[in-house]
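I have placed the structure first, in the form of C-alpha cells, so that the comments after it can refer back to it.
It should be emphasised that the depicted structure is a prediction, and the values quoted were computed from it without experimental measurement. Quick note on labels: first sequence line is chain A, next is B, and so on, each numbered from 1.
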Amino acid sequence: MSEQQTPDGVGIRNPDGPANIIETEYEIGQDNISTSVGPFGLDIHNPVFMISGLTIVAFVFLTLAFQDAVGPLFGDLRVWLTSTLDWFFLSAANIFVLLCLFLVVSPLGKVRLGGKDAKPDYSYPGWFAMLFAAGMGIGLMYFGVSEPISHFNSSIGGTTVENGVRTDWAPLGAAVGDQEAARQLGMAATIFHWGLHPWAIYAIVALALALFSYNKGLPLTIRSVFYPIFGERVWGWTGHVIDTLAVFATLFGLATSLGFGAEQASAGLEYLYGLPNTDGSKVFLILAITAVALVSVIAGMDAGVKRLSEINMMMAILLLGFIIVVGPTLNIITGYFSNLGSYLAALPALSNPFGREDANFSQGWTSFYWAWWISWSPFVGMFIARVSRGRTVREFIICVLLIPSAVCVLWMTAFGGTAIYQIINDGFTGVAEADQNFKLFVMLSQYPLAGLTSFVGIVLVVVFFVTSSDSGSLVIDTITAGGKVDAPLPQRVFWCTFEGLVAIALLLGGGLTALQAMSVSTGFPFTIVLLLACYAIVKGLMDEPR
Amino acid sequence: MYSNIMVPVDLAHVERLAKALDTAADLARHYGASVCYVGVTTSAPGEAAHNPAEFEARLEALGAAQAERHGAAVSTRTIVSNDPAIDLDDKLIGAVQETGADLVVMASHMPGLMEHVFASNAGYVASHAAVSVFVVR
C-alpha cells in the first residue's frame, strides 16, 4: 500500500549482494488489520489471528468442561497415532537427516542466507545460546538423567514375549544381564532421540523459512515456504490454514514443555525444601514463570531473550563442567567417545522404520519423540530462522545440526552416563529407584555441594522455561501478524500470557497425558508440511546464486 | 539556531509523514540547516521493504525527493535493529548523537490511555534526547 505513496525506490529489491527474489503481488501487511482495542494498538493478520485465538480458547474451555473425558481421549489418540503411524514419523525424520547431510557436502551449501554479502545478525555465542535455549533446554534437564537410566534398566531386563508380542520396553534386542552392553545400548538409544534427528527437524524448518524470507523476500511466516508449491494461493486460505496449524503446533508444543518444566520444578522444590507439590504450586510456578517471560519479551530480543539465553547457557555449562569434574571424570571423557561410537553403530538399526521387533520402544519412545520434536519445529525453526540471517547454508547446518548433536552427546554422557556409573561402579541404585522427577537431584546428591547444584538445576529448569515461553511468544506473534516482526508490543504480551493460561488449563484438565497427546496430534499434520518443505528448500536453493 | 535537523521516518506509513516532512523542510529553509532522514528496519522482510538494502534505497529516494522539493542539503541513515518494536526508541536516541543533529522533528499520533504506561516513540525521544525535539501531531 505504502509502495505507491512513496516518492519512489520501488523495484530495487536486492538483498545484500546477489540473490533470487521471488516476484509476487503480495505486499507484507496487506491483509493486516490495524486497530485498537481500548488503549492497545494492534496490527494483526486477518483471519489467522482470530481463528487461532478463538479455536484455542474454545479448546481450553472444552478441556476444562470435560476434564474426565479429555485425558483418556487424548491419551488414546496419542497411542493410536504413534503406534499406527510410527513408520511414517521414523521415515520422515530419516529423510530430514539425509537432506541436511546432503546440503552440507553439496554445492548448494554455499548459498548465503540474506544474500551473498549479508553479515550475520548475531555472534556465535549469542546464536548458540538461543539455539539451545529454544531447542531443547527443558527436555535436557528433564530427560538427561532419567532417559539413559530407563533404557539401561529395560535393556538389562532383557526381552519378554507374551502371545508372540514383545512386552518389554527395551531398545532393539536388549542386553540381558550384560551391564556394559546395556549401558552402551541405553546411551545410544538416548543420544538417538536427542542427536541428529531432532536437530535435523529443526534445521529443515529454519532453513526453509530463512531462505524464503531473507533471500526470496517473502514474509517471515510458515506459509512462505510453500510458495514454490502453491504459488499465489499461499496468500489465501491455503496459507491461512498452514499458519493457523503452525500457531496450534507452537502453542500446544510449548504447553507440553511448560507442563514438564512445572512438574519437575515443583517436584524438585518438594524434594529439596519440603514445599508442597500440589496443582496449586504448579499453577503458581507457571504464573511466576510467565511473569518473568513477560518481562523478557517486553525487554526485547537483544536485552531480554538473548541475554537470558546467554545466562542460561553459562549456568548449564557450569553445571555440566561441575559434573565432569566431581563425577567420574575419566569415565565421562572415554564415555563420550564410546557413546558416540555406539550411537553411530546402532543408528541404522534404531532409525529403521519397518519390521521393528521392539515395538514398545520404537513406537512409545522414538515415534513419540519424533512427533514431539516435529510439533515444536514451527516454533523452534522459526526462532532459529529469525536469528540466523547472514550464515551460509553449510555453516548453518553444521551449527544447527552437527554441533548441537555433539553437545547433546556430551550432556547425556555426563548426566545419564554418570547415573549409570553410580549403579555399575558404586552400587548406588537410588537414581533408578527414584521418581522420574527426582532422578536429577538424586544423582546430584551423591556429589559435594548437592544443595547448591540442585538449586542451580531448579533455576535452570525455570529459566529454560522462560526462554521457551518468550521466544515462543515472539514466534506466534510474528505468524499472527502476517510475518511482521515489528508488530505492536501488546500482542506479544497477549500471546505470552495466553501460553501460560493454556498450560494451566491443560495441566488441570488432563495432566501431561493430555499435553503430550495434543502435541503429537499437531505433530502429525506438520510432518506432511515438513516433507513438502524439503522439496521447497531444494527447489529454492537451486535457483539461488552461489 | 539549528544547523542539522534529524527526521525519523516510518517508511511503512509514509502517508502520515507529510506534515512532519513539511515542517522539517520549512525549518531547514528558515535556518539554512541540513536535514538527515533516519529509518529503522529489521533484517526480515517487512511492510516497508523486503530487506535492509531495499529499505536503504527507498529511504534515499525519499531524501532525494525531499531535497528536490525544498532544496536543503539532505542525507539519510538506515539503522538495522533485531527487534524494532522494542529497540526503536533507543536506536533513535543513538542516531541523534551519531548524526550530530541539534533538532529532531518527528511525527506522532494523539496521546491516549496507553501513553500513560508506555511513552509513544516521539514522547520517549522528547524525554530522553539531549537536543530540542519538535513533535508534530
Item to check | Interchain contact, B:Asn82 with chain A, by part (heavy-atom threshold 4.5 Å) | outcome: both

Checklist entry - Between A:Lys216 and A:Asp543, is there a side-chain N and carboxylate O pair less than 4.0 Å apart? => result yes

Item to check | Contact origin within A:Ala299 toward chain B - heavy atom pairs under 4.5 Å | outcome: backbone

Next on the checklist: Need one label for A:Val297: side chain, backbone, both or neither, based on atoms under 4.5 Å from any heavy atom in chain B.
Outcome noted: backbone

Next on the checklist: Looking at B:Arg29, I'd like to know if its CZ atom is crowded, meaning that more than 12 non-hydrogen atoms belonging to other residues, nucleotides or ligands lie closer than 6.0 Å.
Outcome noted: yes

Next on the checklist: Closer than 3.5 angstrom, by distance alone: can the side chain of A:Tyr214 be matched with the main-chain N or O of A:Ala385 as a donor-acceptor pair?
Outcome noted: yes

Next on the checklist: Does the structure place the NZ or CZ of A:Arg391 under 6.0 Å from the centre of the six-membered ring of A:Tyr124, at an angle of no more than 45° from the ring's axis?
Outcome noted: yes

